[in-house]
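All heavy atoms count here, side chains included; hydrogens, waters and symmetry mates do not.
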Amino acid sequence: MLSFAAIALALFSRAQAHYTFPSLIVNGVTTPAWTNVRQTNNYNSQAPVLDVTSADFRCYDSATAGTASTIAVAAGSTLGIVCDQTIYHPGVINVYMAKAPTGNVSTFTGDGAVWFKVYQITAQTNGGSSITFPAQNLPSVSFTLPKSLPTGQYLVRMEALALHAAATFQGAQWYISCGQISVTGGGSGTPGPLVSIPGVYTGNEPGILLNIYYPIPATYTQPGPAVWSG
């Protein structure tokens, strides 16, 4: 029989393996947790989303009715998204954005084909000898907002896809959050291609349903549309 200490250690280790993304980095400053990011259902449990067709696949806030303050970020500047520990599992990153059509992102739900990918961190392969994940163990993810991104208010959606159990359907784990930003000094770009979330994936894509251990994938296909860089 396992001792209480062994059980506690196992539960602690399991909890440590999961994570949330509660803060942004703007002008080099990390915002307080759940201030500019909508609080997610897993803010305590840290449990992932498994169903890519679920309404929670968008911002994971059905139970919390997540609200947040909107922070100004200049087009062409660096925006960061912070993990509450580190990105523990092997996997990849996609960051999507969607512009609030009314100009008020606080009431924007992100319905319809309004999302475009602005950043990604993919896997690295070499023909089947090895596969590595540059996003693993990062404490945060930072990227440059395109200078031509139009001025306005946006949702910024972090999507960390963990692939350690992805050999079975809905085994892939998704760690998700949505921040709220107001882009200033923007340009006249046309972000795209636009996709719906949920709807962008079925869960059967080769970059989502795969065994990363054996046989080692010879290549990796990043899920989702191409990155819009302006």
Side-chain angles (χ1 to χ4, degrees), residues 18-44 46 48-49 56-62 64-89 91-100 103-110 114-121 134-162 174-187 189 191 197 224 227-230:
H18 293 171
Y19 31 92
T20 63
F21 294 91
S23 302
L24 303 179
I25 304 173
V26 178
N27 297 323
V29 177
T30 299
T31 65
W34 312 119
T35 298
N36 302 114
V37 177
R38 296 179 177 182
Q39 190 175 72
T40 51
N41 296 357
N42 67 337
Y43 72 99
N44 277 328
Q46 298 182 313
V49 177
D56 273 330
F57 191 64
R58 185 178 298 155
C59 290
Y60 203 4
D61 61 353
S62 62
T64 60
T67 59
S69 299
T70 304
I71 189 168
V73 186
S77 67
T78 299
L79 177 66
I81 304 170
V82 182
C83 190
D84 63 353
Q85 43 184 298
T86 62
I87 300 173
Y88 180 86
H89 294 302
V92 300
I93 300 293
N94 288 316
V95 180
Y96 290 87
M97 295 180 64
K99 187 178 182 184
N104 182 6
V105 73
S106 295
T107 58
F108 180 44
T109 59
V114 294
W115 296 90
F116 58 97
K117 191 192 292 187
V118 72
Y119 185 68
Q120 66 182 27
I121 303 176
Q136 190 174 14
N137 296 320
L138 291 179
S140 63
V141 170
S142 295
F143 61 96
T144 301
L145 291 173
K147 185 65 178 174
S148 62
L149 184 66
T151 296
Q153 295 194 1
Y154 292 80
L155 287 175
V156 180
R157 178 180 173 276
M158 161 62 89
E159 171 187 288
L161 166 56
W174 304 84
Y175 298 89
I176 295 165
S177 71
C178 287
Q180 295 182 187
I181 68 170
S182 178
V183 173
T184 62
I197 300 175
V227 170
W228 181 76
S229 60

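- Panel note: side chain K117, backbone M97; no donor-acceptor pair is recorded below 3.5 Å.
- Between I81 atom CD1 and N36 atom CG the span is 12.0 Å, to the nearest 0.5 Å.
- Residues I121 and V92 have side chains not in contact (no heavy-atom distance under 4.5 Å, counting atoms from C-beta outward).
- With hydrogens and angles ignored, the 3.5 Å screen pairs no side-chain donor or acceptor of W174 with any backbone N or O of A162.
- Side-chain atoms of F143 and T78, non-hydrogen and from C-beta on, never get closer than 4.5 Å to each other.
- Within a 6.0 Å sphere centred on CG of D84, other residues, nucleotides and ligands contribute more than 12 heavy atoms.
- At least one side-chain heavy atom of P150 sits less than 4.5 Å from a side-chain heavy atom of P191.
- Between atom CD1 of residue I25 and atom OG1 of residue T30 there is a gap of 4.0 Å, rounded to the nearest 0.5 Å.
- Pairing each heavy atom of A75 with each of G185, the nearest pair is CB-O, 3.8 Å.
- Remark: F21 CZ to E159 CD distance equals 10.5 Å, nearest 0.5 Å.
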Quiz item: Run the ring pair (Phe, Tyr, Trp, His ring centres under 6.0 Å) check on F116 and W228 step by step: do they pass?
Solution: CA-CA 7 Å; F116 58 97; W228 181 76; 5.8 Å; yes
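- If you take CG on N44 and OG1 on T20, they are separated by 9.5 Å, rounding to the nearest 0.5 Å.
- With contacts defined as side-chain heavy-atom distances shorter than 4.5 Å, the pair V73/L145 qualifies.
- In terms of heavy atoms, P146 sits closest to V118 at CD-CG2, 3.7 Å.
- Side-chain N or O atoms of S140 include none that pairs as donor or acceptor with a backbone N or O of V82 at under 3.5 Å.
- With hydrogens and angles left out, the side-chain atoms of N41 and S62 include a donor and acceptor closer than 3.5 Å.
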Exercise. May I have the step-by-step check of side-chain contact (heavy atoms from CB on, under 4.5 Å) for L155 and R38, ending in yes or no?
Key: CA-CA 10 Å; L155 287 175; R38 296 179 177 182; 3.5 Å; yes
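- Rounded to the nearest 0.5 angstrom, Q120 CD and I93 CD1 are separated by 10.5 Å.
- Counting heavy atoms from C-beta outward, V227 and Y119 have side chains that stay 4.5 Å or more apart.
- Across S142 and G80, no two heavy atoms sit closer than the pair OG-CA, 3.5 Å.
- The shortest heavy-atom contact between R157 and F57 is NH2-O, 2.7 Å.
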Practice problem: Please lay out, stage by stage, how R58 and W115 fare under the test side-chain contact (heavy atoms from CB on, under 4.5 Å). | Solution: CA-CA 10 Å; R58 185 178 298 155; W115 296 90; 3.8 Å; yes
Self-check item: Stepwise side-chain contact (heavy atoms from CB on, under 4.5 Å) check, L79 with V156
Solution: CA-CA 10 Å; L79 177 66; V156 180; 4.1 Å; yes
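- The closest donor-acceptor contact from the side chain of T31 to the backbone of L24 lies under 3.5 Å.
- Scanning all heavy atoms of the two residues, the minimum distance from A68 to Q180 falls at O-NE2, 3.0 Å.
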Self-check item: CA sep, side-chain torsions, deciding dist, call: T40, T64, side-chain contact (heavy atoms from CB on, under 4.5 Å)
Solution: CA-CA 6 Å; T40 51; T64 60; 5.7 Å; no
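- Counting only distance, with no hydrogens or angles, the side chain of S177 and the backbone of P22 share no donor-acceptor pair below 3.5 Å.
- N104 places a side-chain N or O within donor-acceptor distance of the main-chain N or O of S106, the cut-off being under 3.5 Å.
- Legend: residues meeting ring pair (Phe, Tyr, Trp, His ring centres under 6.0 Å) with Y175, ordered by chain and number and at least two apart, are H18, Y19.
- We find the SG-CG distance between C83 and N137 to be 10.0 Å, quoted to the nearest 0.5 Å.
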